[in-house]
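Taking it in order: structure first as structure tokens, then the write-up.
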Amino acid sequence: MQGNEGGWKTAIESYREVRGITNGDCKYQAGYNLLKQVGSFLLEHPDGKVEFGEAPTGPGSAACPYRVTDLYFPIGNADEAAPGDIVEVQGTWPSEVRHVFLDGKKQDVRPLSEGNEDKACCHKGITLFEVPQNLQPGTEVKKVTLAGAGFELTAPRGFTVKAPS
């Protein structure tokens, strides 16, 4: 892609404005790194040509790493949830979460109550699940796993089932 002079000037000026500002989320970092590479190249080779190919796909190609960042329990409960409680799972995943597994057993996934489907996927995504009624108080759920088309992600922690209030 050969840019017009104004486009390259804008890219170089944008890079100069953000050069050295390295804080931000993973999407900011990916954009910053691309702008840095293009801006540096253009500063060193003002008459150069930059060609962009197809965007990479597959494992390791996302700007943000896929992972479950945390679990959130009903207010006042640290790492505990009763049968029927809703647990919120936050993180970044490549597509819609279709299943939640608690220690390998499949659970239903609930749509977001706010009605904002954009939050369900993918960067800073949220999914909800209900703690099954058949889990006895005192049960330790050691592994919470999200699954969807071609991915499985495990939460950094589990939780303990408490008695209903």
Side-chain angles (χ1 to χ4, degrees), residues 1 10-11 14-41 50-133 135 139-162:
M1 175 172 97
T10 300
S14 297
Y15 172 60
R16 283 184 176 143
E17 287 180 26
V18 298
R19 187 174 15 198
I21 303 173
T22 57
N23 58 344
D25 71 9
C26 48
K27 286 188 174 190
Y28 172 87
Q29 289 296 322
Y32 174 82
N33 289 337
L34 177 63
L35 190 57
K36 178 180 176 181
Q37 290 172 353
V38 171
S40 296
F41 177 82
V50 177
E51 291 188 29
F52 292 98
E54 291 292 319
T57 59
S61 64
C64 303
Y66 299 139
R67 64 189 176 106
V68 175
T69 52
D70 212 350
L71 303 173
Y72 294 90
F73 303 94
I75 295 175
N77 297 318
D79 298 338
E80 292 184 326
D85 282 352
I86 302 299
V87 176
E88 179 178 295
V89 184
Q90 294 185 2
T92 297
W93 32 84
S95 61
E96 177 186 3
V97 173
R98 295 188 178 157
H99 308 289
V100 174
F101 293 90
L102 303 181
D103 289 334
K105 294 181 182 164
K106 185 172 148 184
Q107 308 301 319
D108 290 330
V109 176
R110 285 199 169 184
L112 290 173
S113 56
E114 301 98 55
N116 185 351
E117 290 78 29
D118 291 342
K119 287 187 175 183
C121 179
C122 295
H123 177 60
K124 295 184 180 177
I126 298 171
T127 196
L128 309 171
F129 69 89
E130 183 175 332
V131 177
Q133 294 292 335
L135 287 181
T139 302
E140 286 189 43
V141 176
K142 294 181 169 104
K143 189 174 177 183
V144 178
T145 303
L146 304 184
F151 76 92
E152 280 190 7
L153 300 169
T154 300
R157 63 191 173 121
F159 65 96
T160 302
V161 178
K162 68 174 197 156

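Note that the numbering runs from 1 along the sequence shown for the chain.
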Q: Flag the pair Val161 / Pro83 as yes when at least one side-chain heavy-atom distance between them is below 4.5 Å, and no otherwise.
A: yes
Q | Smallest separation among heavy atoms of Ala147 and Phe101, with atom names | A | CB-CE1, 3.8 Å
Q: Mind checking the OG1-CD spacing from Thr127 to Glu88? Nearest 0.5 Å is all I need.
A: 9.5 Å
**Q.** Side-chain heavy atoms of Thr160 within contact of Val141, under 4.5 Å
**A.** no
Q) Does the side chain of Tyr66 come within less than 4.5 Å of Phe151's, by heavy atoms? A) no
Q) What's the shortest heavy-atom distance between Lys142 and Asp103, and which atoms? A) N-OD1, 3.1 Å
Q) If every non-hydrogen atom of Lys124 is compared with every non-hydrogen atom of Thr92, which pair is closest and at what distance? A) N-OG1, 3.3 Å
Q) For the atom pair CD1 (Ile86) and CD (Glu130), what is the distance rounded to the nearest 0.5 Å? A) 4.5 Å
Q | Partner of Val97 under side chain to side chain contact (heavy atoms under 4.5 Å, CB included), chosen from Leu146, Val89, Leu128 | A | Leu146
Q: Considering non-hydrogen atoms only, spot the tightest contact between Asp85 and Lys162 and give its length.
A: OD2-CE, 4.4 Å
Q) Is there a side-chain contact between Thr69 and Gln90 (heavy atoms, below 4.5 Å)? A) yes
**Q.** Nearest heavy-atom neighbours spanning Ala149 and Arg98
**A.** CB-NH1, 4.0 Å
Q) What closest approach, in Å, do Ile126 and Trp93 show between heavy atoms, and which atom pair accounts for it? A) N-CZ2, 3.7 Å
Q | Sub-4.5 Å side-chain heavy-atom contact between Pro156 and Val68 | A | yes
Q: Carefully, step by step, assess Phe159 and Leu102 under the rule side-chain contact (heavy atoms from CB on, under 4.5 Å).
A: CA-CA 10 Å; Phe159 65 96; Leu102 303 181; 4.2 Å; yes
